[in-house]
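Worth saying up front: this structure is predicted, and the values here are computed from it rather than measured. All values below come from the heavy atoms of this structure, side chains included, with hydrogens, waters and symmetry mates left out.
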Amino acid sequence: MKKFVLRKEEPKVRPQDFVIRYSELLNEQQLEAVFFDRGSALVIAGAGTGKTRTLIYRVARLVESGTDPSEILLLTFTRRAAKEMVQRASSILDDRCQRIKGGTFHYYCSQILHRFADRIGYPTNFTIIDTSDALEVIQFVRTSLHLHKKNKRFPNKSTLLKIISSAINKHLDIRVVVMEEYPQFLEQVDKIEEVAFGYSDYKEKNFVMDFDDLLIKTKELLEKNEEIRVKVASSHKFVMVDEYQDTNQLQADLTRLFSSVHKNVMAVGDDAQSIYSFRGADHQNIMEFPNIFEHTKLIKLEENYRSTPQVLNAANNLLKQASFKFDKELYTSNQEGELPAIVQTSSEHDQSRFIAQVVLQLREQNIDLNEIAVLFRSGRDSYDLEVELNRKNIPFVKYGGQKFTEAAHIKDVLAHVRVLVNPMDTIAWNRVLMLLDGIGPKTAQDLFEWIRLAKNPYDLGINETVSKAYINQLKILSKLLQCLKKEDLSVSEVIDQLVDYYRNFCEKRYDDYPKRLKDLEAFVSISSGFKSLPKMLEELALEPITATAIETEEKEQEESPLILSTIHSSKGLEWRHVFIIQCLDGIIPSAYSVEDKEQLDEELRLLYVATTRAKDMLYYTYPVLAQSAYGDYFTNPSRFLKELSSNTLEEWVIEEERAEELKSAKSDELLSN
């Protein structure tokens, strides 16, 4: 008998063994991250150092090495980011990369919970509520406990939701959150806890989950069920987490659980860009990563491809002031530029005049307005500037605003969809029923109590308790819902019929209904991209669409607008020229942070993020005189800027044009014409 021994193929481990020429496409630090194989690694990716590029090439390299793509888990903070990374990995390698698992923590957790719904006492058709729906539930609970009638001031629904969410995300008792963040409500803490319990009880009874529940219930599922944890974690040969500095405690725990079998985990992020503690992000997660995951390899990406050396010098010198950080030094081979400007103006209005005039000069130099950004600590900091820009006819857009799926008319239609998917969704039924003439909160609640016990919750016309005043309306609604439930329709066909039914309500309720009807037509078109109603609800809740016809009328503009943005909204973006306004002590850093070393560090990181948005030129501006309710007062420039040396920044002096110079300029203009 002859033997033939099959040789084991040697795994590809060297850059030269691969189809993709990694060595030619990546710098030395990026290459080290891409070819990191087994175990845990923390990639500290400085601003503009090609973090996304590194992740994409690591995905491609793992697949090219023979890893089954379905065993790679890529967690990001937006599903859009995950999709773009997978598409780019596919374009540089092949379509195998399309099979990678991932998305946001919330999206991936929802998939796990749907898969194991019976183990947590939920039906598979549970629905996810967004923030505005959660606020309605909080208000419902608040009202049912008669807390809206208290003599003493009680937190509103928005504050209550923030308290509850903060306690969950920071692993704190509600009493601690109230004591630290809302001490004015300490006397009411027992009632606040009642609301929190009522909110939780409502969600359990009605089979709905908010965003926090998706993380909590997944963590509990994996921690309490060893066989499920092993089953889920075994399917993740490699785990990668993007923007790790923005994770909260729950997400850090889930990262550990997801990678608990193979223990191959890579976190990518920048401790210097951790600026979302108000959303529950914990800066300690990235700092403690090497202690939590054994034998962590620390890799630093420091070569910046975005900014001039002068901008990076300012950024590096800012970061030297931080108390809690990984040491790194950004550098670049980009061409030399100008020193960043520090500009003191006599007043806030002069600050606005200065910016408007520089913007106009830059436009004269053929720099597009959308290549220029004005950044600020909070939305109110740009009010004076907005007036000046309007006066100068400079088009601008301000980042932020209502999301498509948060618009009332879209939520009305989605409420009907939610009722079809989950007939126990009280808030959705409440919205659907209260569209009908004559039905108020009490009647809607009575109807829902009937629905809860009915054999067919959609057969509203047989309810004997309802008034004749609206029985015909209920019969029309009932007929529609039952038809949609029985017929085998596509998602867009269901939405089309719901929009057709809703049209009359829209026309009666809103003066601007033609714009809203445009949104609804667009919604029908958008819905064709979904395979099922539950999937559509889930994806729209987890990744809302942004633009609406109400928010923005299409305008024919000759040019793209100037960008105004809060610093928080600017993260991840870049512009040729960046103005950072109101660089004052009390604003950057916030007056509330100066007594707390960790909070002060976050304020410093905020200015660092703003600084590193600039590619060519950077301007720090502040007024020497400010106004308050008590009158004018002299300001102090940000303490962070005071620490920068004179060879880091260049002082610009603002002078008013003299009358004779203005007269001469006008004469020259007349002669040239």
Could you check Glu338 against Gln310 for side-chain hydrogen bond (donor to acceptor under 3.5 Å, both in side chains), going step by step and ending with a plain yes or no? CA-CA 7 Å; Glu338 293 184 55; Gln310 286 77 8; over 6 Å; no
May I ask you to test the [X]-[Y] pair for a side-chain heavy-atom distance under 4.5 Å?
X: Leu93; Y: Ile20; result: yes
X: Val268; Y: Leu55; result: yes
X: Val491; Y: Lys535; result: no
X: Arg306; Y: Leu312; result: no
X: Phe579; Y: Tyr620; result: no
X: Arg53; Y: Leu25; result: yes
X: Glu329; Y: Lys320; result: yes
X: Lys328; Y: Asp270; result: yes

Between Met85 and Thr52, is a side-chain contact (heavy atoms from CB on, under 4.5 Å) present by the stated rule, with each step listed? CA-CA 7 Å; Met85 285 187 199; Thr52 303; 4.1 Å; yes
Less than 6.0 Å separating the ring centroids of His283 and Phe324?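 Ring centroids of His283 and Phe324 are no less than 6.0 Å from each other.
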Side-chain donor-acceptor contact under 3.5 Å, [X] with [Y]:
X: Arg61; Y: Ser65; answer: yes
X: Thr296; Y: Ser40; answer: yes
X: Gln98; Y: Asp95; answer: no
X: Glu302; Y: Gln29; answer: yes
X: Asn285; Y: Thr247; answer: yes
X: Ser235; Y: Lys101; answer: yes
X: Glu32; Y: Gln30; answer: no
X: Glu602; Y: Ser277; answer: yes

So Asn291 and Glu288, side-chain hydrogen bond (donor to acceptor under 3.5 Å, both in side chains) or not? Walk me through it. CA-CA 5 Å; Asn291 299 327; Glu288 290 295 320; 2.9 Å; yes
With side-chain contact (heavy atoms from CB on, under 4.5 Å) as the test, would you mind laying out the steps for Asp68 and Arg99 before giving the verdict? CA-CA 9 Å; Asp68 183 339; Arg99 290 170 45 221; 2.8 Å; yes
Cationic N near anionic O, under 4.0 Å, [X] to [Y]:
X: Lys325; Y: Asp271; result: no
X: Arg79; Y: Glu539; result: yes
X: Glu243; Y: Lys571; result: yes

Among Val63, Leu62, Ile92, Ile72, whose side chain to side chain contact (heavy atoms under 4.5 Å, CB included) with Cys97 holds?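 The option that passes is Val63.
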At their closest point, which heavy atom of [X] faces which heavy atom of [Y], and how far apart are they?
X: Gly269; Y: Ile286; result: C-CD1, 3.9 Å
X: Ala281; Y: Gln245; result: CB-O, 4.3 Å
X: Ser382; Y: Ile581; result: CA-CD1, 4.4 Å

Before you tell me yes or no, could you show the steps for Ile563 and Trp575 under side-chain contact (heavy atoms from CB on, under 4.5 Å), namely the whole-Å CA-CA distance, both residues' side-chain angles and the distance that decides it to 0.1 Å? CA-CA 9 Å; Ile563 308 300; Trp575 297 273; 3.5 Å; yes
For [X], is the [atom1] atom crowded, meaning more than 12 foreign heavy atoms sit under 6.0 Å from it?
X: Glu227; atom1: CD; result: yes
X: Gln111; atom1: CD; result: yes
X: Lys297; atom1: NZ; result: no

Where the side chain of [X] meets the backbone of [Y], is there a donor-acceptor pair that is under 3.5 Å apart?
X: Asn225; Y: Ile228; result: no
X: Ser638; Y: Ile588; result: yes
X: Asp213; Y: Asp210; result: yes
X: Arg613; Y: Val609; result: yes
X: Glu371; Y: Asp368; result: no
X: Thr648; Y: Leu644; result: no
X: Asn317; Y: Ala314; result: no
X: Arg605; Y: Ser274; result: yes
X: Ser565; Y: Leu375; result: no
X: Asp601; Y: Ser323; result: yes

Students often mix this up, so state it plainly: with edges at 30° and 60°, are the rings of Phe35 and Tyr22 parallel, tilted or perpendicular?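 Rings of Phe35 and Tyr22: perpendicular, as their planes differ by over 60°.
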Mind jotting down which residue pairs meet the salt bridge (charged side-chain N to carboxylate O under 4.0 Å, His left out) criterion with at least one end in residues 228-237? Sequence neighbours excluded, please.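 Salt bridge (charged side-chain N to carboxylate O under 4.0 Å, His left out) check on residues 228-237 returns Glu71-Lys237, Glu226-Arg229.
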Please list all pairs passing the ring-ring contact (aromatic ring centres under 6.0 Å, His included) test where one or both residues lie in residues 81-110, with sequence neighbours left out. His106-Phe211, Tyr108-His236, Tyr108-Phe258
Applied to residues 288-318, the ring-ring contact (aromatic ring centres under 6.0 Å, His included) test, sequence neighbours excluded, yields Tyr244-Phe289, Phe289-Phe293
Who are the ring-ring contact (aromatic ring centres under 6.0 Å, His included) partners of Phe640, not counting sequence neighbours?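 Counting only residues at least two positions away or on another chain, Phe640 forms no ring-ring contact (aromatic ring centres under 6.0 Å, His included).
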Does Phe238 have any ring-ring contact (aromatic ring centres under 6.0 Å, His included) partners at least two apart in sequence or in another chain, and if so, which?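 Phe238 satisfies ring-ring contact (aromatic ring centres under 6.0 Å, His included) with no other residue.
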Worked verdict on Glu64 versus Arg96 for salt bridge (charged side-chain N to carboxylate O under 4.0 Å, His left out): CA-CA 9 Å; Glu64 200 179 350; Arg96 283 177 293 171; over 6 Å; no
Considering residues at least two apart in sequence or located in another chain, which fulfil the side chain to side chain contact (heavy atoms under 4.5 Å, CB included) criterion with Ile168? Ile164, Asp212, Ile216, Leu250
Would you sort out whether Ile367 and Arg576 count as a side-chain contact (heavy atoms from CB on, under 4.5 Å), showing the intermediate values? CA-CA 9 Å; Ile367 294 175; Arg576 287 183 63 184; 3.8 Å; yes
Honestly, is Arg279 close enough over Tyr276, meaning NZ or CZ under 6.0 Å from the six-membered ring centre and within 45° of the axis?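 Satisfied, under 6.0 Å and within 45°.
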How far does CZ of Phe326 sit from CG of Leu42, to the nearest 0.5 angstrom? 5.0 Å
